[in-house]
Amino acid sequence: MTRTVIVGAGPAGIRAAQTLVEHGLRPVLLDEAARAGGQIYRRPPANFERPAEALYGTEAGRAKAVHAAIDGIADRIDYRPGSLVWNAQAGSLDVLDTATSTSRAVPYDRLIVATGATDRVLPVPGWTLPGTYSLGGSQVALKFQGCTIGRQVVFMGSGPLLYLVAYQYAKAGAQVVAVLDTATLADQAAASPRLLTKPATLAKGLYYLGWLRTHGVALHRGVRPVRVLGSDRVTGVVFHDGQSERTLSCDAVGFGHALRSETQLADLLGCRFAFSPVQRAHLPERDAAGRSSVEGVYLAGDGAGIQGADAAEWAGERAALALLQDEGMTVDPGRVSLLENRLSRIGVFRRGLERAFPFPEDWAAQAPDELVVCRCENITAGELRATVRDTGADEMNRLKALSRIGMGRCQGRMCGVAAAELLAHAAGVPIAQVGRLRGQAPIKPIPLGLSAGPEAAA
Amino acid sequence: MKRRIETDVAIVGGGIVGASAALALRRKGVRVVLLERDLCGSRSSGVNYGGVRRQGRALVQLPLSLRAHGIWARLPELIGIDGEYIRSGHFKIARSEADMASLERYRDASRDFDLGIELLSGERLKALCPWLGGKAVGGSLCPEDGQANPRLVSPAFARAAQRAGAEIFERSPVDSVSHDGSGFTLQSGDRLEVHSAQLINCAGAWAGALATQFGEPVPMTSGHPAMAVTSPMPHFMDWSLGVEGGGVYGRQVARGNLVLGGGRGLALDADRARSSRDAIAALTTQAIALLPGLRHAQIIRTWSGTEGYLPDRQPVLGASRTTPGLLHGFGFAGAGFQVGPAAGEVLAELAHEGASSTPIEAFSIGRFSAASPVSSSSKD
Ligand SMILES: Cc1cc2nc3c(=O)[nH]c(=O)nc-3n(C[C@H](O)[C@H](O)[C@H](O)COP(=O)(O)OP(=O)(O)OC[C@H]3O[C@@H](n4cnc5c(N)ncnc54)[C@H](O)[C@@H]3O)c2cc1C
Ligand SMILES: Cc1cc2nc3c(=O)[nH]c(=O)nc-3n(C[C@H](O)[C@H](O)[C@H](O)COP(=O)(O)OP(=O)(O)OC[C@H]3O[C@@H](n4cnc5c(N)ncnc54)[C@H](O)[C@@H]3O)c2cc1C
């Protein structure tokens, strides 16, 4: 029998699992997290449940549906939470059981990679001060632990999450001092035709905005974050509003510029990558159904390119159907074309979002030399520029070798985006040309003292 | 448009050997062009463990290795950076009396080469290194051996050669080589054509094709030493550690990370390799046995590389036996980082003076052909 494995129990992985189950398969579903739901529908610990409405707001209905989907198939899949896939070798994954620190090999014939995303971080001076969080991290604190990152919070950066998290914080009783968006009003206006392709989503975004405004939260557009203030922890932020520098007091900062895909597993599996100008990133290639360039490996959800939670559900289902088709099974052709239609339409909306919240392309030019880019290795923008200048490095892996950027615990998952921007700018080459850090196992640090478990039967 | 260049010596491969040869040739005033298909020092030379040791090398390699030792001492002056090279000492652990006896034999056999090897008893070791696991019954210290950062050192050799006037072309694979009886023509795509009187084959694990083309096939295989590095830990160890009989080896870098090696990785294709699951598992177990303090450390990265091995684990270094003007320097069997700079100098001597002051007979390519077709112009 074909061994089918799914990595990632977010919306994409859950819908994929459900689809496989409906067609008579019993997949293995691996997820590093303790509970299924992924990033957006993250569930708090079981002894800490709160109502979905409080946790997920307007997404409560979808969250409940996705949780119901996984709960409904629980006895028909082999679901393994707390399972970090840290390495892949043809036909088999290395999986660390985080509770017992045992690693075992999980073999597969077909694999759906639904590893999701993390924040895309463009550092500002002071971002390493305690009290500074990524936007997603701020949200995780709220959803998972039920606490806020501070009492008086500034959110800055750009992307849809900026307003959403600000709204969620304000609703949860935190004082949101301000929302500082690097995008301009003109950006958002220019994007509206494309955003109108998903009117309900656009309406939600506008609702958060309106709500924040009527509740007296200061909104500044077209800003440039200058620095986070403080010596032991955050005491304020400085930003440039287009005319002059302004200072705000606060005790916490949430910041970020949309999301980046978690692609290392696809990389270790040997998937071919290509540069996506819209996402400003190298992404594993997939066809409309989610097939990667490697036979038997399918890609779904934000891990293969940021498309959002709804698209993740569709892509998960579509990839599962592709897998079933490739197994010679018959699937509903109407469903297939419905999903593919939805997925192709989401592309237009995506481009709209990128237009509304454009990547601040001048970030690298403005990053001061003393800015710490890599927290693990404490490497500054100035050191990266000097490396480029002194050695002629014009490619990410070379920059890594010569500067140690991406050599720490995160392996560039956090600092990689910023380093690529600085490299492209300093070397005077287009961002597409600087390449990407090659994936290296382990995907996340693993204990040296791990013990090897028996090979798991799948 | 295709660029055509005339030069004295063309070099294929920008690893530590090719780049050192280029630098040494420039120091002799010889015109040199080096072609590297990727980036200089991006292969074995840039991804190795960083052990800079003489101890444990076959005796035939010691003259070359001692020559290299002298070059390493002058590193900053030669390549402009210190490359994190330190003479931290290389300590080889014996885990049994038999291993201890074998270390003693090596010390005696290598006495003429003045490695300064000192044997340490189990008791002294326990007193000196409380962090060592219980298995060590003693060991052998070579105080002036050490370690360096290959990521920095190897590309810096290429940059130094370039500063000294070598023409270096990166991302320029040599697709074809021809020889018209007097000189060589190298092609790299439709961009570059190089004409030279002499050619040095420093293509690492991929050097076999060129040797074969000139009628000198070698039984070279590829090997992939498995590597891993931990997150930084408080500093506890100066030595670079090895184990008699093989197995795991490790060193702690200035940042506190432990670089570990041991076992074989797996090839992804002809060019790429990574640490295999089995190697990582074996390496972690052995590393903890050797250094129990690592039990609580974390591995943050693993990798491997592709290196050429000949059956006797000695390199091919010297003149071609079939083709005048052709020199080989490859097949360093997982231990060419330390000797690389000397191999480069030897190749430069062979190209410029026609002979080397360092004995290299043991590395002749002729050792693989039953009936060696010795050409009259052979220089070694
Ligand atoms: C922090 C954060 C907050 C977000 N909040 C919102 C929001 O409020 N509203 C919104 O619309 N969108 C939000 N998004 C975006 C949204 O999460 C995604 O669009 C959606 O979750 C994508 O679904 P997915 O199934 O592709 O991935 P995810 O939901 O990200 O799920 C991926 C899963 O894979 C697991 N995983 C990844 N790598 C491994 C591995 N190597 N081994 C084992 N398991 C692994 C992860 O633990 C995770 O559970 C957020 C994203 C992030 C990163
Ligand atoms: C993981 C690992 C650990 C090691 N640890 C140690 C150690 O601790 N100590 C030690 O002394 N040694 C060690 N070694 C061995 C050492 O790294 C090598 O022996 C040494 O680097 C070989 O240098 P090289 O210049 O011959 O080869 P390489 O560095 O492989 O250089 C050859 C170059 O030729 C290029 N090339 C190939 N074909 C072409 C072509 N057609 N056109 C243009 N360019 C071409 C390649 O791209 C490559 O850059 C280790 C090796 C590995 C892989």
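These numbers were taken from a predicted model, which means no experiment stands behind them. Computation of the quantities below employed the complete heavy-atom set of this structure, encompassing side-chain atoms and omitting hydrogens, waters and symmetry-equivalent molecules. Quick note on labels: first sequence line is chain A, next is B, and so on, each numbered from 1.
Contact annotation: the side chain of B/Cys40 approaches that of B/Glu170 to within less than 4.5 Å [non-hydrogen atoms, C-beta and beyond].
A/Gln89 and A/Ser92 share no side-chain donor-acceptor pair at under 3.5 Å. Between A/Thr2 and A/Tyr108, the side chains place no donor N or O within less than 3.5 Å of an acceptor N or O (distance only, hydrogens not considered). Checking A/Arg260 against A/Thr118 by side-chain atom types alone, a donor-acceptor pair falls below 3.5 Å.
Contact of B/Arg274 with chain A is made through the side chain alone, with heavy-atom distances under 4.5 Å. Residue A/Ala393 does not touch chain B at all, counting heavy-atom pairs closer than 4.5 Å. Proximity to chain A is absent for every atom of B/Arg163, based on heavy atoms less than 4.5 angstrom apart. In this structure, chain A has a heavy atom under 4.5 Å from the side chain of B/Ile288, while its backbone stays farther away. A/Asp390 touches chain B through its backbone: at least one of N, CA, C or O sits under 4.5 Å from a heavy atom, while the side chain does not. Looking at B/Ser42, both its backbone and its side chain come within 4.5 Å of chain A, counting heavy atoms on both sides. In this structure, chain A has heavy atoms under 4.5 Å from both the backbone and the side chain of B/Ser276. No part of A/Cys410 comes within reach of chain B, as not one of its non-hydrogen atoms sits under 4.5 angstrom from that chain. Contact of B/Leu268 with chain A is not made at all, since no heavy-atom distance falls under 4.5 Å. Interface remark: B/Leu266 contributes side-chain atoms only to the contact with chain A (heavy atom separation under 4.5 Å).
Among A/Glu395, A/Lys400, A/Arg404, the residue making the largest number of heavy-atom pairs under 4.5 Å with chain B is A/Arg404. Put simply, of B/Gln298, B/Arg301, B/Arg255, the one with the most heavy-atom pairs under 4.5 Å next to chain A is B/Arg301. Highest contact tally toward chain A, considering only B/Pro150, B/Ser231, B/Ala228, B/Pro155, is held by B/Pro155 [criterion: heavy-atom pairs under 4.5 Å].
Stacking of A/Arg438 on the aromatic ring of B/Trp303 is not recorded, the 6.0 Å distance cut-off and the 45° axial limit not both being met. Both the sub-6.0 Å distance and the 45° axial angle are not jointly satisfied by A/Arg286 relative to the ring of A/Tyr298.
For a heavy-atom cut-off of 4.5 Å, chain B lies close to A/Asp267, A/Leu268 in residues 261-276 of chain A.
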As a quick check of understanding, evaluate salt bridge (Lys or Arg N to Asp or Glu O under 4.0 Å) for B/Arg171 and B/Glu36, giving each step before the final call. CA-CA 6 Å; B/Arg171 300 189 177 107; B/Glu36 163 58 48; over 6 Å; no
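Residues A/Asp78 and A/Arg3 are not paired through a salt bridge, judged by the lack of any N-O separation under 4.0 Å between the basic side chain and the carboxylate.
A distance of 9.0 Å separates CG of B/Leu260 from CE of B/Met227, quoted to the nearest 0.5 Å.
Checking B/Thr284, B/Leu291, B/Leu283 one by one against A/Leu448, the side-chain contact (heavy atoms from CB on, under 4.5 Å) holds for a single residue, B/Thr284.
Residue pairs meeting the side chain to side chain donor-acceptor pair (under 3.5 Å) criterion with at least one member in residues 258-270 of chain B, sequence neighbours excluded: B/Arg264-B/Tyr309, B/Asp269-B/Arg272.
In this pair, B/Phe91 and B/Trp239 present their aromatic rings parallel. The plane angle is below 30°, not in the 30 to 60° band.
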